[in-house]
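Indexing begins at 1, ligand by ligand and atom by atom, following the structure's order.
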Amino acid sequence: MGNFPVITVDGPSGSGKGTICSLLARELGWNLLDSGALYRLVGLAARHHGVVLDDEDALVVLAAHLDVQFETSATQNEVTIILEGEEVTQTIRTEECGADASVIAAIGSVREALLERQRAFVSEPGLIADGRDMGTVVFPQAPLKVYLTASAEERANRRYNQLINKGVGASLQTILADIQVRDARDMNRAVAPLKPADDAITLDTTQLSIEAVLAAVLDQARHKGLR
Ligand SMILES: Nc1ncnc2c1ncn2[C@@H]1O[C@H](COP(=O)(O)OP(=O)(O)OP(=O)(O)O)[C@@H](O)[C@H]1O
Ligand SMILES: Nc1ccn([C@H]2C[C@H](O)[C@@H](COP(=O)(O)O)O2)c(=O)n1
(Lines give C-alpha, C1' and ligand atoms only; values in the text may rest on other atoms or scores of the structure.)
(Ligands and ions follow the chains in the order given, each with its own letter.)
Protein backbone atom coordinates (compact mmCIF):
# COMPACT_ATOMS: atom_id res chain seq x y z
CA MET A 1 0.00 0.00 0.00
CA GLY A 2 1.39 3.43 -0.90
CA ASN A 3 2.02 5.76 2.02
CA PHE A 4 -0.71 8.27 1.12
CA PRO A 5 -3.72 9.23 3.24
CA VAL A 6 -7.08 7.51 2.88
CA ILE A 7 -10.52 8.81 3.87
CA THR A 8 -12.93 5.91 4.25
CA VAL A 9 -16.69 6.33 3.78
CA ASP A 10 -18.83 3.35 4.72
CA GLY A 11 -22.56 2.93 5.21
CA PRO A 12 -25.69 1.21 3.98
CA SER A 13 -27.16 1.44 0.51
CA GLY A 14 -28.55 4.88 -0.31
CA SER A 15 -26.88 6.67 2.60
CA GLY A 16 -25.10 8.92 0.09
CA LYS A 17 -21.60 7.40 0.05
CA GLY A 18 -21.12 7.50 -3.72
CA THR A 19 -22.39 11.07 -3.97
CA ILE A 20 -20.23 12.34 -1.10
CA CYS A 21 -17.15 10.37 -2.18
CA SER A 22 -17.15 11.76 -5.69
CA LEU A 23 -17.65 15.32 -4.38
CA LEU A 24 -14.85 14.80 -1.83
CA ALA A 25 -12.52 13.38 -4.49
CA ARG A 26 -13.19 16.40 -6.70
CA GLU A 27 -12.84 18.92 -3.88
CA LEU A 28 -9.58 17.44 -2.55
CA GLY A 29 -8.22 16.32 -5.95
CA TRP A 30 -7.80 12.78 -4.56
CA ASN A 31 -8.37 9.40 -6.20
CA LEU A 32 -11.56 7.40 -5.74
CA LEU A 33 -12.22 3.73 -4.99
CA ASP A 34 -15.80 2.55 -5.53
CA SER A 35 -15.40 -0.85 -3.88
CA GLY A 36 -19.08 -1.74 -4.38
CA ALA A 37 -18.45 -1.60 -8.12
CA LEU A 38 -15.91 -4.42 -7.75
CA TYR A 39 -18.51 -6.71 -6.12
CA ARG A 40 -21.06 -5.69 -8.76
CA LEU A 41 -18.50 -6.48 -11.49
CA VAL A 42 -17.81 -9.95 -10.09
CA GLY A 43 -21.58 -10.53 -10.19
CA LEU A 44 -21.84 -9.36 -13.78
CA ALA A 45 -18.81 -11.43 -14.81
CA ALA A 46 -20.50 -14.43 -13.17
CA ARG A 47 -23.61 -13.87 -15.29
CA HIS A 48 -21.48 -13.50 -18.44
CA HIS A 49 -19.65 -16.76 -17.70
CA GLY A 50 -22.71 -18.71 -16.53
CA VAL A 51 -21.40 -18.99 -12.97
CA VAL A 52 -24.06 -19.40 -10.28
CA LEU A 53 -23.80 -17.33 -7.10
CA ASP A 54 -23.19 -20.29 -4.80
CA ASP A 55 -20.22 -21.61 -6.82
CA GLU A 56 -17.61 -20.21 -4.45
CA ASP A 57 -14.55 -21.62 -6.26
CA ALA A 58 -15.59 -20.18 -9.64
CA LEU A 59 -16.46 -16.79 -8.07
CA VAL A 60 -13.03 -16.61 -6.43
CA VAL A 61 -11.36 -17.25 -9.80
CA LEU A 62 -13.49 -14.49 -11.39
CA ALA A 63 -12.68 -12.07 -8.54
CA ALA A 64 -8.96 -12.81 -8.63
CA HIS A 65 -8.72 -12.37 -12.41
CA LEU A 66 -11.30 -9.63 -12.93
CA ASP A 67 -10.38 -7.90 -16.21
CA VAL A 68 -11.56 -4.38 -15.43
CA GLN A 69 -10.48 -0.83 -16.18
CA PHE A 70 -11.76 2.29 -14.43
CA GLU A 71 -11.19 5.17 -16.86
CA THR A 72 -11.44 8.58 -15.20
CA SER A 73 -12.21 11.64 -17.33
CA ALA A 74 -9.74 14.54 -17.29
CA THR A 75 -12.04 16.52 -14.97
CA GLN A 76 -12.40 13.46 -12.66
CA ASN A 77 -16.16 13.94 -12.82
CA GLU A 78 -16.95 10.71 -14.59
CA VAL A 79 -15.65 7.19 -14.43
CA THR A 80 -16.16 4.75 -17.30
CA ILE A 81 -15.98 1.08 -16.33
CA ILE A 82 -14.81 -1.52 -18.84
CA LEU A 83 -15.28 -5.23 -18.03
CA GLU A 84 -13.61 -7.71 -20.38
CA GLY A 85 -13.52 -5.05 -23.10
CA GLU A 86 -17.20 -4.06 -22.72
CA GLU A 87 -18.45 -0.77 -21.28
CA VAL A 88 -20.62 -1.61 -18.27
CA THR A 89 -20.76 1.71 -16.38
CA GLN A 90 -24.57 1.81 -16.25
CA THR A 91 -25.20 -1.95 -16.53
CA ILE A 92 -23.75 -2.61 -13.06
CA ARG A 93 -25.99 0.04 -11.45
CA THR A 94 -29.22 -1.98 -11.65
CA GLU A 95 -30.94 -3.21 -8.47
CA GLU A 96 -30.36 -6.75 -9.78
CA CYS A 97 -26.57 -6.22 -9.91
CA GLY A 98 -26.66 -4.62 -6.45
CA ALA A 99 -28.51 -7.62 -5.02
CA ASP A 100 -26.08 -10.08 -6.69
CA ALA A 101 -23.15 -8.07 -5.32
CA SER A 102 -24.57 -8.24 -1.81
CA VAL A 103 -24.90 -12.06 -2.05
CA ILE A 104 -21.37 -12.50 -3.44
CA ALA A 105 -19.95 -10.10 -0.84
CA ALA A 106 -20.95 -12.48 1.96
CA ILE A 107 -18.35 -15.02 0.72
CA GLY A 108 -15.11 -14.55 2.65
CA SER A 109 -12.82 -16.03 -0.02
CA VAL A 110 -14.23 -13.62 -2.63
CA ARG A 111 -13.58 -10.68 -0.30
CA GLU A 112 -10.04 -11.96 0.26
CA ALA A 113 -9.49 -12.18 -3.52
CA LEU A 114 -10.46 -8.49 -3.89
CA LEU A 115 -8.47 -7.16 -0.92
CA GLU A 116 -5.13 -6.30 -2.54
CA ARG A 117 -6.83 -4.93 -5.65
CA GLN A 118 -8.63 -2.42 -3.42
CA ARG A 119 -5.47 -1.48 -1.50
CA ALA A 120 -3.67 -0.90 -4.80
CA PHE A 121 -5.95 2.12 -5.39
CA VAL A 122 -3.98 4.09 -2.79
CA SER A 123 -1.91 6.62 -4.71
CA GLU A 124 -0.72 10.21 -4.55
CA PRO A 125 -2.07 12.54 -3.23
CA GLY A 126 -4.65 10.40 -1.39
CA LEU A 127 -7.67 8.12 -1.72
CA ILE A 128 -11.36 8.41 -0.95
CA ALA A 129 -12.61 4.85 -0.36
CA ASP A 130 -16.35 4.12 -0.65
CA GLY A 131 -17.79 0.84 0.65
CA ARG A 132 -18.94 -1.27 3.58
CA ASP A 133 -15.66 -2.38 5.19
CA MET A 134 -13.25 0.37 4.13
CA GLY A 135 -12.65 1.58 7.68
CA THR A 136 -12.93 -1.79 9.44
CA VAL A 137 -10.98 -4.15 7.16
CA VAL A 138 -9.43 -2.70 4.00
CA PHE A 139 -7.90 0.52 5.36
CA PRO A 140 -7.86 0.16 9.17
CA GLN A 141 -5.08 2.78 9.46
CA ALA A 142 -7.02 5.50 7.60
CA PRO A 143 -6.67 8.86 9.40
CA LEU A 144 -10.34 9.77 8.78
CA LYS A 145 -13.19 7.26 8.80
CA VAL A 146 -16.75 8.33 8.09
CA TYR A 147 -19.88 6.21 8.53
CA LEU A 148 -22.92 7.60 6.71
CA THR A 149 -26.35 6.41 7.61
CA ALA A 150 -30.01 7.43 7.12
CA SER A 151 -33.37 5.84 7.89
CA ALA A 152 -34.38 3.02 5.54
CA GLU A 153 -37.46 5.08 4.52
CA GLU A 154 -35.35 8.09 3.54
CA ARG A 155 -32.91 5.89 1.62
CA ALA A 156 -35.79 4.22 -0.21
CA ASN A 157 -37.19 7.67 -1.11
CA ARG A 158 -33.82 8.74 -2.47
CA ARG A 159 -33.50 5.59 -4.58
CA TYR A 160 -37.09 5.96 -5.80
CA ASN A 161 -36.46 9.57 -6.90
CA GLN A 162 -33.19 8.54 -8.54
CA LEU A 163 -34.96 5.86 -10.62
CA ILE A 164 -37.90 8.13 -11.52
CA ASN A 165 -35.46 10.84 -12.64
CA LYS A 166 -33.77 8.27 -14.88
CA GLY A 167 -37.17 7.42 -16.39
CA VAL A 168 -37.20 3.96 -14.77
CA GLY A 169 -40.53 2.85 -13.30
CA ALA A 170 -40.27 1.94 -9.62
CA SER A 171 -42.35 0.98 -6.59
CA LEU A 172 -41.43 2.69 -3.33
CA GLN A 173 -42.65 -0.31 -1.33
CA THR A 174 -40.51 -2.75 -3.31
CA ILE A 175 -37.47 -0.51 -3.03
CA LEU A 176 -37.91 -0.22 0.75
CA ALA A 177 -38.27 -4.00 1.07
CA ASP A 178 -35.13 -4.54 -1.08
CA ILE A 179 -33.17 -2.05 1.04
CA GLN A 180 -34.19 -3.84 4.23
CA VAL A 181 -33.15 -7.21 2.81
CA ARG A 182 -29.81 -5.77 1.65
CA ASP A 183 -29.18 -4.07 5.02
CA ALA A 184 -29.84 -7.32 6.87
CA ARG A 185 -27.51 -9.29 4.59
CA ASP A 186 -24.70 -6.71 4.63
CA MET A 187 -24.90 -6.10 8.39
CA ASN A 188 -25.33 -9.67 9.59
CA ARG A 189 -22.87 -11.61 7.44
CA ALA A 190 -20.08 -13.46 9.23
CA VAL A 191 -17.24 -11.81 7.30
CA ALA A 192 -16.57 -8.04 7.27
CA PRO A 193 -20.14 -7.06 8.20
CA LEU A 194 -21.24 -3.50 7.59
CA LYS A 195 -20.63 -1.51 10.79
CA PRO A 196 -18.86 1.68 11.77
CA ALA A 197 -15.19 1.33 12.67
CA ASP A 198 -14.57 2.02 16.37
CA ASP A 199 -12.84 5.28 15.44
CA ALA A 200 -15.32 6.37 12.73
CA ILE A 201 -17.41 9.52 12.92
CA THR A 202 -21.05 8.70 12.19
CA LEU A 203 -23.27 11.13 10.30
CA ASP A 204 -27.00 10.48 10.15
CA THR A 205 -27.91 12.13 6.84
CA THR A 206 -31.68 11.58 7.09
CA GLN A 207 -32.28 15.29 7.57
CA LEU A 208 -29.06 16.62 6.04
CA SER A 209 -28.63 18.00 2.55
CA ILE A 210 -25.78 16.73 0.36
CA GLU A 211 -24.05 20.10 0.83
CA ALA A 212 -24.31 19.83 4.63
CA VAL A 213 -22.87 16.30 4.63
CA LEU A 214 -20.00 17.36 2.38
CA ALA A 215 -19.26 20.38 4.58
CA ALA A 216 -19.23 18.19 7.72
CA VAL A 217 -16.78 15.70 6.20
CA LEU A 218 -14.52 18.46 4.83
CA ASP A 219 -14.55 20.00 8.28
CA GLN A 220 -13.33 16.71 9.77
CA ALA A 221 -10.66 16.46 7.05
CA ARG A 222 -9.45 19.96 7.93
CA HIS A 223 -9.45 19.05 11.60
CA LYS A 224 -7.21 16.05 10.82
CA GLY A 225 -4.86 18.18 8.69
CA LEU A 226 -5.85 16.40 5.50
CA ARG A 227 -6.56 19.59 3.53
N1 LIG B 1 -28.04 13.91 2.02
C2 LIG B 1 -28.80 13.61 0.97
N3 LIG B 1 -30.01 14.17 0.84
C4 LIG B 1 -30.81 13.87 -0.21
N5 LIG B 1 -30.47 13.01 -1.20
C6 LIG B 1 -29.28 12.42 -1.12
C7 LIG B 1 -28.38 12.68 -0.05
N8 LIG B 1 -27.27 11.94 -0.24
C9 LIG B 1 -27.47 11.26 -1.38
N10 LIG B 1 -28.66 11.55 -1.92
C11 LIG B 1 -29.24 10.97 -3.14
O12 LIG B 1 -29.57 9.63 -2.81
C13 LIG B 1 -29.32 8.76 -3.92
C14 LIG B 1 -28.40 7.63 -3.46
O15 LIG B 1 -27.14 8.21 -3.14
P16 LIG B 1 -25.79 7.41 -3.37
O17 LIG B 1 -25.83 6.63 -4.66
O18 LIG B 1 -24.68 8.36 -3.18
O19 LIG B 1 -25.86 6.36 -2.16
P20 LIG B 1 -24.88 5.17 -1.83
O21 LIG B 1 -24.73 5.15 -0.36
O22 LIG B 1 -23.62 5.29 -2.62
O23 LIG B 1 -25.70 3.90 -2.31
P24 LIG B 1 -25.15 2.47 -2.81
O25 LIG B 1 -24.33 1.91 -1.70
O26 LIG B 1 -26.37 1.65 -3.04
O27 LIG B 1 -24.35 2.70 -4.06
C28 LIG B 1 -28.75 9.66 -5.02
O29 LIG B 1 -29.79 10.00 -5.91
C30 LIG B 1 -28.27 10.90 -4.30
O31 LIG B 1 -28.34 12.07 -5.10
N1 LIG C 1 -16.70 -2.71 0.48
C2 LIG C 1 -17.86 -3.28 0.07
C3 LIG C 1 -18.61 -2.73 -0.96
C4 LIG C 1 -19.76 -3.35 -1.34
N5 LIG C 1 -20.15 -4.48 -0.73
C6 LIG C 1 -21.34 -5.22 -1.16
C7 LIG C 1 -22.54 -4.96 -0.32
C8 LIG C 1 -23.45 -4.14 -1.18
O9 LIG C 1 -24.81 -4.49 -0.96
C10 LIG C 1 -23.01 -4.48 -2.60
C11 LIG C 1 -23.12 -3.35 -3.60
O12 LIG C 1 -22.49 -2.19 -3.09
P13 LIG C 1 -22.86 -0.70 -3.62
O14 LIG C 1 -22.35 -0.58 -5.01
O15 LIG C 1 -24.35 -0.60 -3.57
O16 LIG C 1 -22.15 0.22 -2.69
O17 LIG C 1 -21.65 -4.86 -2.50
C18 LIG C 1 -19.41 -4.99 0.30
O19 LIG C 1 -19.78 -6.01 0.90
N20 LIG C 1 -18.26 -4.39 0.68
With the threshold set at under 4.0 angstrom, would you say [X] reaches ligand 1 through any of its heavy atoms?
| X | value |
| --- | --- |
| Gly11 | no |
| Gly36 | no |
| Pro12 | yes |

Run the numbers for me: atoms of ligand 1, each under 4.0 Å from some heavy atom of [X], listed by number.
| X | result |
| --- | --- |
| Arg132 | 25 (O) |
| Gly16 | 8 (N), 9 (C), 15 (O), 16 (P), 18 (O), 19 (O), 20 (P), 21 (O) |
| Arg159 | 14 (C), 17 (O), 23 (O), 24 (P), 26 (O) |

Which one holds for Met187 and ligand 2: side chain close, backbone close, both close, or neither close, with close meaning a heavy atom under 4.0 Å?
neither

Could you see which bit of Arg185 sits under 4.0 Å from ligand 2, with heavy atoms only: side chain, backbone, both or neither?
neither

Look at [atom] and say which protein heavy atom is nearest, naming residue and atom and giving the distance to 0.1 Å.
| atom | result |
| --- | --- |
| atom 16 (O) of ligand 2 | Arg132 NH1, 2.8 Å |
| atom 11 (C) of ligand 2 | Arg182 NH1, 3.6 Å |
| atom 6 (C) of ligand 2 | Ala105 CB, 3.6 Å |
| atom 15 (O) of ligand 2 | Arg40 NH2, 2.8 Å |
| atom 10 (C) of ligand 2 | Ala101 CB, 3.6 Å |
| atom 22 (O) of ligand 1 | Gly18 N, 2.8 Å |
| atom 23 (O) of ligand 1 | Gly14 N, 2.9 Å |
| atom 20 (N) of ligand 2 | Arg111 NH2, 3.0 Å |
| atom 3 (C) of ligand 2 | Ser35 OG, 3.4 Å |
| atom 4 (C) of ligand 2 | Gly36 CA, 3.5 Å |
| atom 1 (N) of ligand 1 | Leu208 O, 2.8 Å |

For the 3.5 Å polar cut-off, considering only N or O atoms, please tell me whether Lys17 and ligand 1 meet it.
yes

Contact (N/O only, under 3.5 Å) between Asp130 and ligand 1
no

Thinking salt bridges, do Arg93 and Asp34 make one under a 4.0 Å N-O criterion?
yes

Does any donor atom in the side chain of Glu87 or Thr89 lie under 3.5 Å from an acceptor atom in the other side chain?
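The answer is yes; a qualifying pair exists.
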
Return yes or no for this condition: an N or O of [X] is under 3.5 Å from an N or O of ligand 2.
| X | result |
| --- | --- |
| Asp130 | no |
| Asp133 | yes |
| Asp186 | yes |

Identify which of Val9, Thr19, Leu214, Ile20 has a heavy atom lying nearest to atom 30 (C) of ligand 1.
Thr19

Run down the list Arg158, Gln162, Lys166 and name the one with the heavy atom closest to atom 12 (O) of ligand 1.
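Residue with the shortest heavy-atom distance to the ligand atom: Arg158.
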
Could you point out which residue of Leu194, Asp204, Ile201 forms a side chain to side chain contact (heavy atoms under 4.5 Å, CB included) with Tyr147?
Leu194

